[in-house]
Amino acid sequence: MAIHLIKPDNFADYSTAEIKSYEEGGNLVEAAACGKRILEAHNAEISKIPNWDRFKWDIYDVGKTTTEVNCVYYTGENGIYIMAGFLAMCDAAFGDDPSFEQFAGIVGTTIGHEITHGFDSNGTKFDLYGRQFDENITAIDWMAAKDRSKMDEKASKLAGYFSLARPIPGQQKVNGNSLKDEAIADMGGIKSVLYIARNMPDFDYDLFFRAFARQYAEQTTKENELGTMRGDIHPLPFHRINIMLQQYDEFIETYDIRPGDGMYLNPERRVNVW
């Protein structure tokens, strides 16, 4: 998997740009056209390269801007991008010196989330299935049939659990099938950190779970929530906290959650996709 972290591997060279100020007779259209010419010249040079390097983060690829508060997985590259803008969110939440658990709660789970998309079971109409390609992006479903069947079974169970949710009384239910891949990726991200934590005797689970929840804390309106349910393939933010975390024994044990408590989920109903 190609890993791209924080910033591109090279810097844009605009030394040939001739941008004139308004006083010098220039204008915005001419400045934009100059930038476009440089971009097209760059793309023309790239087209001459015989072997495309999917490990290279091209500064001119505006679809992967480093300042975006986002992280992504691209099937066509079998690669993930962790943007500097996203890392700044951790700094905003915890300052310049977050604990390992706080950093892992936001950044660690997100890196795990994006890697997990390489194993997507079902994709959407916008994406190809992650598991349909091997590490070299060769089109082949490399997963063993029995593993594929078991994963699909768990994915279906998770979709069914989400579909029972009606966040706003009297309004539409959640479409579990449309968001199960993002939910599975969330579970993969959480599980990745919890797997590492097993070998850390002083790991502070409370700090970790609170950090994970903090990144999804928001205030919104009922109308916005309904719009998100209709058009977003991600679970609602508070579902990414409540539904995700209640699947894990570590969460139940950390807060001594018992039958009858709001966040308790019977072990037989928990979906351990990973």
Side-chain angles (χ1 to χ4, degrees), residues 5-6 65-73 80-117 158 161-162 165 167-168 174 179-198 200 202-222 224-229 232-257 261-265 270-274:
L5 297 174
I6 304 177
T65 173
T66 187
T67 56
E68 185 178 3
V69 184
N70 194 20
C71 299
V72 294
Y73 168 82
I80 65 171
Y81 286 78
I82 308 301
M83 315 301 193
F86 173 80
L87 297 180
M89 183 175 69
C90 187
D91 291 339
F94 302 113
D96 296 331
D97 190 27
S99 69
F100 175 83
E101 292 87 350
Q102 290 170 327
F103 188 83
I106 294 180
V107 180
T109 56
T110 300
I111 292 175
H113 173 109
E114 300 306 337
I115 290 175
T116 303
H117 275 313
L158 184 63
Y161 186 73
F162 267 95
I168 302 174
V174 171
L179 53 76
K180 68 176 182 294
D181 279 333
E182 290 295 336
I184 289 172
D186 277 349
M187 298 189 78
I190 297 168
K191 189 69 172 183
S192 297
V193 176
L194 292 178
Y195 184 83
I196 295 171
R198 293 175 183 175
M200 301 179 64
D202 297 326
F203 187 85
D204 191 326
Y205 287 93
D206 177 57
L207 281 179
F208 167 68
F209 289 127
R210 289 181 183 277
F212 176 80
R214 184 166 183 171
Q215 67 181 313
Y216 297 117
E218 67 171 23
Q219 290 182 317
T220 187
T221 63
K222 179 176 71 174
N224 184 64
E225 205 82 317
L226 288 170
T228 300
M229 290 171 63
D232 197 335
I233 60 174
H234 297 82
L236 293 174
F238 80 96
H239 279 166
R240 299 183 82 168
I241 304 169
N242 290 14
I243 291 182
M244 290 295 99
L245 295 183
Q246 70 178 167
Q247 309 295 329
Y248 296 98
D249 293 341
E250 293 89 342
F251 178 78
I252 300 296
E253 294 166 2
T254 295
Y255 300 106
D256 193 26
I257 300 173
D261 293 339
M263 286 287 288
Y264 184 78
L265 185 63
R270 296 176 198 166
V271 186
N272 295 310
V273 177
W274 302 107

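Since we're looking at a predicted model, the values are computed, not measured. When a residue number appears, it is its place in the shown sequence, counting from 1.
- Judged as a salt bridge (Lys or Arg N to Asp or Glu O under 4.0 Å), and not counting sequence neighbours, the contacts of D256 are R258.
- Here salt bridge (charged side-chain N to carboxylate O under 4.0 Å, His left out) pairs that include residues 235-247, with residues two or more places apart or in two chains, are D186-R240.
- Within 6.0 Å of the OH atom in Y264, the count of heavy atoms belonging to other residues, nucleotides or ligands exceeds 12.
- For the side-chain hydrogen bond (donor to acceptor under 3.5 Å, both in side chains) test, residues two or more places apart in sequence or in another chain that qualify with T67 are T65.
- Checked against side-chain hydrogen bond (donor to acceptor under 3.5 Å, both in side chains), R270 has the following partners two or more places apart in sequence or in another chain: D249.
- Pairs engaging residues 102-113 under the salt bridge (charged side-chain N to carboxylate O under 4.0 Å, His left out) rule: none recorded [sequence neighbours left out].
- Not a single side-chain hydrogen bond (donor to acceptor under 3.5 Å, both in side chains) links D91 to another residue, sequence neighbours left out.
- Shown are F212, Y205, F209; of these, the ring-ring contact (aromatic ring centres under 6.0 Å, His included) with F251 is made only by F209.
- Between atom OH of residue Y161 and atom NE2 of residue H239 there is a gap of 9.0 Å, rounded to the nearest 0.5 Å.
- Every residue meeting the side-chain hydrogen bond (donor to acceptor under 3.5 Å, both in side chains) condition with Q102, not counting sequence neighbours, appears here in chain and number order: S99.
- Under the rule for a salt bridge (Lys or Arg N to Asp or Glu O under 4.0 Å), D96 has no partner lying at least two apart in sequence or in another chain.
- Under a 3.5 Å cut-off, the side chain of Y216 and the backbone N or O of L236 do not form any donor-acceptor pair.
- D204 is linked by a salt bridge (Lys or Arg N to Asp or Glu O under 4.0 Å) to nothing, counting only residues two or more places apart in sequence or in another chain.
- Looking at residues two or more places apart in sequence or on another chain, you find a salt bridge (Lys or Arg N to Asp or Glu O under 4.0 Å) between R210 and D206.
- One N or O on the side chain of T66 and one on the backbone of I6 form a donor-acceptor pair closer than 3.5 Å.
- F162 meets the ring-ring contact (aromatic ring centres under 6.0 Å, His included) test with no other residue; sequence neighbours excluded.
- Q247 places a side-chain N or O within 3.5 Å of a backbone atom of I243 that can act as its donor or acceptor partner.
- Checked by atom type and distance alone, the side chain of Q246 never pairs as donor or acceptor with a backbone atom of G262 at under 3.5 Å.
- Rounding to the nearest 0.5 Å places CG of L5 at 6.5 Å from CD1 of I82.
- Within 6.0 Å of the CG atom in L226, the count of heavy atoms belonging to other residues, nucleotides or ligands exceeds 12.
- Contacts of F208 classified as ring-ring contact (aromatic ring centres under 6.0 Å, His included), with partners at least two apart in sequence or in another chain: F203.
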